[in-house]
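Everything below concerns the one structure shown next.
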Amino acid sequence: MAYDPKKEYDYEDVPELVGYLKRSAIDAYMMSENSGITSHCTIMDDRYVVSFPIPLVGSSDRDIARPGMDGQGGGEALDSGSGGGGADCTSEFDKIRWSIDKIVEPWKQLPDPKNVDNEIEKWITAVSPLAKDPQTVGNKSTGGGTIFTNLDQAGKALGNMSGEVIHKVEAFVAKLASVTGGLHDKTMVLGGALNSEMKMFEETRASVVKALQEGIKVFDAVASSEEAGFEVALKIVSTTIDAVLIFTAPEVAIERKLLETSSKALQTLKSSKDATVDDEKADSYDSAISQLESAFEAINKSVTKAEKGVEGMLIGNLDSMSQSDHRKYYDVTMDPIDSSAIEPAPELNVDYGKAKGVCRKFGDVRTSVIEAKDSLPRVSMFTCLLRSGVIGIGSYGPAHAFSDLNVRIEKLLKNLADDIENEAKNFDLAVEAIVSEDAQARSRLQETVDYIKGNPGDPWAESKPAPQRVKGNTIV
């Protein structure tokens, strides 16, 4: 089937378009090589007729087989010309096909946006338990978790009691709500990174199709002794920016504000611009192939800019939350209830039933936190972004930076679940000691306090690589 410039081709048609491109490039080559006073080329359906003027006689024609619509074959000298068999061009045609493959081959197997979308669905499972309310982000809906409802109910129950022990638990509830919100926001950054890569590759695939069609147009123009240039306006970086912002700073994306109110990590990405495709007109095979190469280099520059921006955002968020003065937003520092807080005092008022209810709410909150923690390791960029290493920032794009932030959030959620469990035990034992006024209960309370203070946990510690088992000179 012949190439139809009016047809709307998509990425699945790339192999077909590459075939058309090779044929058009060989057409352009034959015209460029035979456009002088010593020879002239006429393109027929299945052959090239190369005419060599002979003074006072006329001309000698040599027929050379033309490639098929798939760009393959051709170059053989045919015996049908008036000059008999001519020079074979198969090696020249193979070189042209090789030149085009060298340019376009890495772009024939780009990541499938559907695979990235599958990771976003897994991410929704992780972020939903941490959300205060249901959200619709882009065309994705995340559920609203029960953490904040449970904390609100625990806070109301605590409001009916008083004393130092109650004040400490109320302070923990407030910090727990704040830290959950902070970890939710960082988990949203992971979603933004996934969404940006998905939308970026949707746009990149469209740009590849457009570049191939423009290449066909330019080569066909050269073959017709005309001039033409590449008309490709890239939107890869701008699409990536919008896809990130709709997850991480929707008010910026929707209202098009400056990023002075957004995170510093987003500012660098927002300032990035798409590369420009050279639109200088080509008038020969050499200039046309150079323009084709330039177009794909511009696409790659845009992909690289976009991925560097996403990677920088991920690294920036990880670095920011790891700063000592920022850790309080993502990590609860416990102030356990010790025996001094349960001494009889006029303001001490503890309701045993309500206190038990608060502990149950803590258990429900912990369950939600663990649900989020257990879901995060299932979300990854490594497989869904795999492509040729020459595209963007490498074979896996920003997957390593994504993984680092993901692991940090997972560790913080695990630590948070431990803190909630310890707080519930600590409060429960404090209430038992208050109600029973029993020395043994006080002793168990103090044991809990000593354990909490002696095992604070450090979600900020860097993981050490697992020791490798070696047999002889081989790692097993």
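When a residue number appears, it is its place in the shown sequence, counting from 1. Everything quoted here is computed from the prediction, not taken from an experiment.
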Hey, mind stepping through Cys384 and Asn118 against side-chain contact (heavy atoms from CB on, under 4.5 Å) and telling me if it holds?
CA-CA 9 Å; Cys384 68; Asn118 290 337; over 6 Å; no
Should Val244 and Asn195 be marked as a side-chain contact (heavy atoms from CB on, under 4.5 Å) after you check the CA-CA gap, both sets of side-chain angles, and the distance that decides it?
CA-CA 7 Å; Val244 169; Asn195 193 53; over 6 Å; no
Run the numbers on Leu176 and Leu416 for side-chain contact (heavy atoms from CB on, under 4.5 Å), then give the verdict.
CA-CA 8 Å; Leu176 179 53; Leu416 185 60; 3.5 Å; yes
Are Phe427 and Phe362 close enough, and set up right, to give a ring-ring contact (aromatic ring centres under 6.0 Å, His included), and what steps lead you there?
CA-CA 10 Å; Phe427 183 42; Phe362 282 154; 7.1 Å; no
side-chain contact (heavy atoms from CB on, under 4.5 Å), that's the test. Do Lys273 and Val237 meet it? Break it down for me.
CA-CA 6 Å; Lys273 303 293 182 184; Val237 175; 5.9 Å; no
Checking Tyr20 against Phe219 for the ring-ring contact (aromatic ring centres under 6.0 Å, His included) test, could you report, in this order, the C-alpha distance in whole Å, the side-chain angles of both residues, the deciding distance, and whether it holds?
CA-CA 10 Å; Tyr20 295 144; Phe219 281 123; over 10 Å; no
Quick one: do Asn426 and Thr448 satisfy side-chain hydrogen bond (donor to acceptor under 3.5 Å, both in side chains)? Show the steps, please.
CA-CA 6 Å; Asn426 186 221; Thr448 304; 5.5 Å; no
Are Asp152 and Lys156 close enough, and set up right, to give a salt bridge (charged side-chain N to carboxylate O under 4.0 Å, His left out), and what steps lead you there?
CA-CA 6 Å; Asp152 183 57; Lys156 290 178 179 177; 3.5 Å; yes
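The pair Asp117-Lys114 does not count as a salt bridge, with every side-chain nitrogen at least 4.0 angstrom from each carboxylate oxygen. Comment: Arg205 does not engage Asp10 in a salt bridge, judged by the lack of any side-chain N to carboxylate O separation of less than 4.0 angstrom.
The closest side-chain heavy-atom distance from Tyr285 to Ile96 is below 4.5 Å. Between Met334 and Glu423 there is a side-chain heavy-atom pair separated by less than 4.5 Å. Within the 4.5 Å cutoff, the side chain of Met200 has heavy atoms near those of the Thr204 side chain. At least one side-chain heavy atom of Trp460 sits less than 4.5 Å from a side-chain heavy atom of Tyr330. Contact of the Leu292 side chain with the Ile289 side chain is registered, since non-hydrogen atoms from C-beta on lie closer than 4.5 Å. In this structure the side chain of Asp101 reaches within 4.5 angstrom of the side chain of Lys22, judged on heavy atoms. Looking only at side-chain heavy atoms (C-beta outward), Met198 and Ile120 come within less than 4.5 Å of each other. Taking 4.5 Å as the limit, some side-chain heavy atom of Lys308 sits within range of a side-chain heavy atom of Thr304.
Under 3.5 Å, the side chains of Glu447 and Tyr451 contain no donor-acceptor pair of N or O atoms. Remark: the Asn317 side chain and the Lys186 side chain contain an N/O donor-acceptor pair separated by less than 3.5 Å.
For Asp278, the side-chain contact (heavy atoms from CB on, under 4.5 Å) test picks out Glu280, Gln291, Ser294, with sequence neighbours left out. Taking Asn150 as the reference, Thr146, Gln153, Lys361, Asp364, Val365 meet the side-chain contact (heavy atoms from CB on, under 4.5 Å) condition, with sequence neighbours excluded. Looking at residues two or more places apart in sequence or on another chain, you find a side-chain contact (heavy atoms from CB on, under 4.5 Å) between Ser436 and Asp438, Ala441. Residues forming a salt bridge (charged side-chain N to carboxylate O under 4.0 Å, His left out) with Glu105 (at least two apart in sequence, or on another chain): Lys108. Judged as a side-chain hydrogen bond (donor to acceptor under 3.5 Å, both in side chains), and not counting sequence neighbours, the contacts of Gln446 are Asp450. The side-chain hydrogen bond (donor to acceptor under 3.5 Å, both in side chains) search around Asn300 returns none, not counting sequence neighbours. Taking the side-chain contact (heavy atoms from CB on, under 4.5 Å) definition, one finds that Gln323 meets it with Asp325, His326, sequence neighbours left out.
With hydrogens and angles ignored, the 3.5 Å screen pairs no side-chain donor or acceptor of Ser178 with any backbone N or O of Ala174. Panel note: side chain Lys175, backbone Thr333; a donor-acceptor pair is recorded below 3.5 Å. Arg366 places no side-chain N or O within donor-acceptor distance of the main-chain N or O of Glu421, the cut-off being under 3.5 Å. Within the 3.5 Å criterion, the main-chain N or O of Lys354 finds a donor-acceptor partner in the side chain of Asp351. Proximity of a side-chain donor or acceptor of Ser24 to a complementary backbone N or O of Leu21 within less than 3.5 Å is not detected. Not a single donor-acceptor pair under 3.5 Å links the side chain of Glu307 to the backbone N or O of Gly392. The closest donor-acceptor contact from the side chain of Glu119 to the backbone of Ser380 lies under 3.5 Å. A distance-only check finds a donor-acceptor pair linking the side chain of Trp123 to the backbone of Thr187 [under 3.5 Å]. Side-chain N or O atoms of Asp70 include none that pairs as donor or acceptor with a backbone N or O of Gly19 at under 3.5 Å. In this structure, the side chain of Ser302 engages the main chain of Ala275 through a donor-acceptor pair within 3.5 Å.
Within the structure, salt bridge (charged side-chain N to carboxylate O under 4.0 Å, His left out) pairs that include any residue of residues 373-383 do not occur (at least two apart or interchain). Sorted by first and then second residue, the pairs that involve residues 329-338 and meet salt bridge (charged side-chain N to carboxylate O under 4.0 Å, His left out), not counting sequence neighbours, are Lys168-Asp335. Counting only residues at least two apart or on different chains, the salt bridge (charged side-chain N to carboxylate O under 4.0 Å, His left out) pairs with a member in residues 391-410 are Arg408-Glu462. The salt bridge (charged side-chain N to carboxylate O under 4.0 Å, His left out) analysis of residues 188-200, with sequence neighbours excluded, yields the pairs Lys199-Glu202.
Note: Trp107 and Phe296 have tilted aromatic rings, judged against thresholds of 30 and 60 degrees for the angle between ring planes.
Residue Tyr9 qualifies as enclosed at atom OH: its count of foreign heavy atoms under 6.0 Å is above 12.
For Phe382 and Phe402, the distance between ring centers is not under 6.0 angstrom.
Once rounded to the nearest 0.5 Å, the distance linking CD1 of Ile241 with CD1 of Ile236 reads 12.0 Å. Interatomic distance, Thr239 OG1 to Leu234 CG, rounded to the nearest 0.5 Å: 10.0 Å.
Evaluated for a side chain to side chain donor-acceptor pair (under 3.5 Å) with Asp428, the options Arg444, Lys356, Arg360 yield exactly one hit, Lys356.
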Atom pairs and distances, donor-acceptor, side-chain atoms in residues 206-217, under 3.5 Å, two or more places apart:
{"unit_1": "Ser207", "atom_1": "OG", "unit_2": "Glu203", "atom_2": "O", "d": "3.0"}
{"unit_1": "Glu214", "atom_1": "OE1", "unit_2": "Lys217", "atom_2": "NZ", "d": "2.7"}
{"unit_1": "Glu214", "atom_1": "OE1", "unit_2": "Glu231", "atom_2": "N", "d": "2.7"}
{"unit_1": "Lys217", "atom_1": "NZ", "unit_2": "Gly229", "atom_2": "O", "d": "3.0"}
{"unit_1": "Lys217", "atom_1": "NZ", "unit_2": "Glu231", "atom_2": "OE2", "d": "3.4"}

